[in-house]
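Computed from a predicted model, the values in this text were never measured in an experiment. Reckoned from all heavy atoms, side chains included, excluding hydrogens, waters and symmetry mates. We number each residue from 1, following the sequence as shown.
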Amino acid sequence: SPSRKVFLVAISWGAKLALATLKKFHTLVDGLVLVCPGIAAKIGPTFRERLQIGGSFVIWPRRPIRVPLTDPHLFT
């Protein structure tokens with residue numbers, strides 16, 4: 001219905017995807033709701049892992065990269 005407002009809702013790390021989506025398709029939604037947004041990590045990859053990620057981005061940009069989320073303390 002054209003008279004209804006449309007909101008994009010994102011939880012945890014989905015906030016990053018929602019922000020990227022909103023940046024590209026900002027005319028499609030009227031508002032954004034972030035529930036416990038995971039915008040920045042408290043820990044990051046090691047220097048070696050960052051080099052591997054950067055190198056693989058140049059050589060194989062669509063290569064899937066494993067994100068270790070087995071530790072419950074990493075969740076919001």
Side-chain angles (χ1 to χ4, degrees):
S1 171
S3 63
R4 293 201 142 168
K5 300 279 185 184
V6 176
F7 289 87
L8 180 59
V9 180
I11 299 171
S12 191
W13 286 109
K16 288 182 134 183
L17 179 60
L19 289 170
T21 301
L22 190 62
K23 183 178 178 182
K24 189 169 184 174
F25 302 106
H26 63 295
T27 59
L28 297 180
V29 296
D30 298 301
L32 176 66
V33 179
L34 301 178
V35 181
C36 297
I39 303 296
K42 290 184 178 181
I43 60 170
T46 65
F47 180 73
R48 181 176 181 221
E49 290 169 332
R50 286 193 303 249
L51 285 176
Q52 289 173 335
I53 292 167
S56 114
F57 182 74
V58 171
I59 297 166
W60 187 7
R62 297 201 179 267
R63 176 184 175 211
I65 297 174
R66 187 181 74 77
V67 178
L69 293 176
T70 56
D71 184 357
H73 292 97
L74 298 175
F75 291 91
T76 55

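Val6 and Leu17 fall into different hydrophobic clusters, where Ile, Leu, Val, Met, Phe, Trp and Tyr residues are linked whenever their side-chain heavy atoms come under 4.5 Å apart, directly or through other members.
Annotation for Phe47: atom CZ does not count as buried by contact number, only 12 or fewer foreign heavy atoms lying within 6.0 Å.
Thr27 is linked by a side-chain hydrogen bond (donor to acceptor under 3.5 Å, both in side chains) to nothing, counting only residues two or more places apart in sequence or in another chain.
Note that CG of Leu8 is 14.0 Å distant from NE2 of His26, once rounded to the nearest 0.5 Å. Rounded to the nearest 0.5 Å, atoms CG (Leu28) and OG1 (Thr21) are 10.0 Å apart.
In terms of heavy atoms, Phe7 sits closest to Leu32 at CD2-N, 4.1 Å. Residues Pro45 and Arg50 approach most closely at O-NH1, 3.3 Å, considering heavy atoms.
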